[in-house]
Amino acid sequence: MIYLSVVVPCFNEEMTIPLFYAEAVKTAEVINEQFEIIFVDDGSKDNTLNILRQLANQDKHIHFISFSRNFGKEAAILAGLQAAQGEYIVTMDTDGQDPLSLIPQMLECVASGEYDCAGTRRVNRIGEPPIRSFFACCFYALMKKITEVEITDGARDFRLMNRKYLEALLMLPERNRFSKGIFPWIGFKTKWFEYENIERTAGRTKWSFWKLFLYSLDGIIAFSSKPLAIASVLGVLLFLAALSFIVFIVIRKILWGDPVDGWASTICIILFCSGIQLFSTGILGQYIAKIYTEIKQRPQYIIREAQ
Ligand code: UDP
Ligand code: MG
């Protein structure tokens, strides 16, 4: 029986995989139990797949799954979790931002049976562009307000879980997978490990600002229906405003007659209302688009090669 499975999504990580592998071998010696590392090549365009083939041929602990194209990190993690055989399962990045040296402590804490999952969070964002940190903080504050799940600020995808926890995770069939929300949604007992932000060992981040922005929208839509409520409330408020305005106009007409003026204000009101309407339809559209992708039931990833 395999004791520990390590699931590692990789997208154009030719520079970091050899470093990661060297570190992982050292950690495995410390743990001294049966283990496997499952690299998931998320449609890399560089030499990642060749490196993985080589590692898998020379070391029987190494397995890899290679996608037919880039399906995104969430899909890569899912594929690895579905393939994992271990009693305990870790998900982490290759780039050295998730310290392998924490695994023995995390393992001890979950293996003791007191916790089902060991999560990690970084306590600061040193080394990250300030504008990115600012928007990340806004996102977490907003998520706290509008979702029912407790999303931990700075939580990373570096986690160690037991089989029970993994099985619960895999029961969720959704295609729009926002794991920062899925983990707290399934519950169980999680112990948090904290560490300072560590910069990548090599290579560049795969997340552009735009990609992160779309990802945060996905998260909001997946875990909250509040935007729909906001649209409805805006509608009611506008209706009430219009009603008071009608009363005002009628009274003005009775008291002072009706000189023709106010074109500018009319145009402003029309623009304002149609803006709100488009905004609300847009919100509705986002939810419908998500329903559409869910209902198509397409696979979350397609495997081209595995070993
Ligand atoms: N990744 C992936 N598919 C993607 C983007 C990223 O599998 O489409 C992997 C990447 O190879 C890395 C991890 O996800 O192992 C985290 O990516 P990155 O380090 O670029 O993100 P950051 O740490 O800056 O949030
Ligand atoms: Mg990283």
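A quick note: this is a predicted structure, and the numbers were derived from the prediction, not measured. Numbering of ligands and ligand atoms starts at 1, following listing order.
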Contact summary for A84 and I38, nearest pair of heavy atoms: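 For A84 versus I38, the nearest heavy atoms are CA-CD1, 3.6 Å.
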
In terms of hydrophobic clustering (I, L, V, M, F, W, Y; side-chain heavy atoms under 4.5 Å; direct or indirect links), are I77 and Y215 co-clustered?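 I77 clusters together with Y215.
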
Decide whether a cation-pi geometry holds between R69 and F71; the criteria are a distance under 6.0 Å from NZ or CZ to the six-membered ring centre and an angle within 45° of the ring axis.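 Because its charged atom sits under 6.0 Å from the ring centre and within 45° of the axis, R69 does stack over F71.
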
For ligand 1, which atoms, with element, lie under 4.0 Å from some heavy atom of [X]?
| X | value |
| --- | --- |
| K211 | 8 (O) |
| T94 | 15 (O) |
| C10 | 7 (O), 11 (O) |

Classify the ring geometry of W210 against F213: parallel below 30°, tilted from 30° to 60°, perpendicular beyond 60°.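 Ring orientation, 0 to 90° scale: parallel.
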
For [atom], what's the nearest protein heavy-atom neighbour? Residue, atom name and distance, please.
| atom | value |
| --- | --- |
| atom 24 (O) of ligand 1 | T205 OG1, 2.7 Å |
| atom 16 (C) of ligand 1 | D93 OD2, 3.1 Å |
| atom 23 (O) of ligand 1 | Q97 OE1, 2.6 Å |
| atom 20 (O) of ligand 1 | K206 N, 2.6 Å |
| atom 9 (C) of ligand 1 | P9 O, 3.8 Å |

Can you find a pair of side-chain heavy atoms, one from F178 and one from I221, that are under 4.5 Å apart?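 Sidechains of I221 and F178: no contact.
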
So does [X] pair up with [Y], basic N to acidic O under 4.0 Å?
| X | Y | result |
| --- | --- | --- |
| E87 | R163 | no |
| K73 | D93 | yes |
| K26 | E29 | no |

Region of [X] engaging ligand 1 - heavy atom pairs below 4.0 Å:
| X | answer |
| --- | --- |
| D42 | side chain |
| N70 | side chain |
| D95 | side chain |
| E13 | side chain |

Within-cut-off N or O pair, G72 and ligand 1, under 3.5 Å: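 So ligand 1 has no N or O lying under 3.5 Å from an N or O of G72.
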
Is there a polar contact, in the sense of an N or O pair closer than 3.5 Å, between A76 and ligand 1?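 Among all N and O atoms of A76, none is under 3.5 Å from an N or O of ligand 1.
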
Tell me whether D93 has at least one N, O or S atom under 2.8 Å from the Mg ion (ligand 2).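 No, outside the cut-off.
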
Which N/O/S atom belongs to D95 and is the closest one to the Mg ion (ligand 2)?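 Closest N, O or S atom of D95 to the Mg ion (ligand 2): OD2.
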
Does either side chain, that of E74 or that of S179, offer a donor lying less than 3.5 Å from an acceptor on the other one?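 Their side chains do contain a donor-acceptor pair, which is all the 3.5 Å distance test asks for.
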
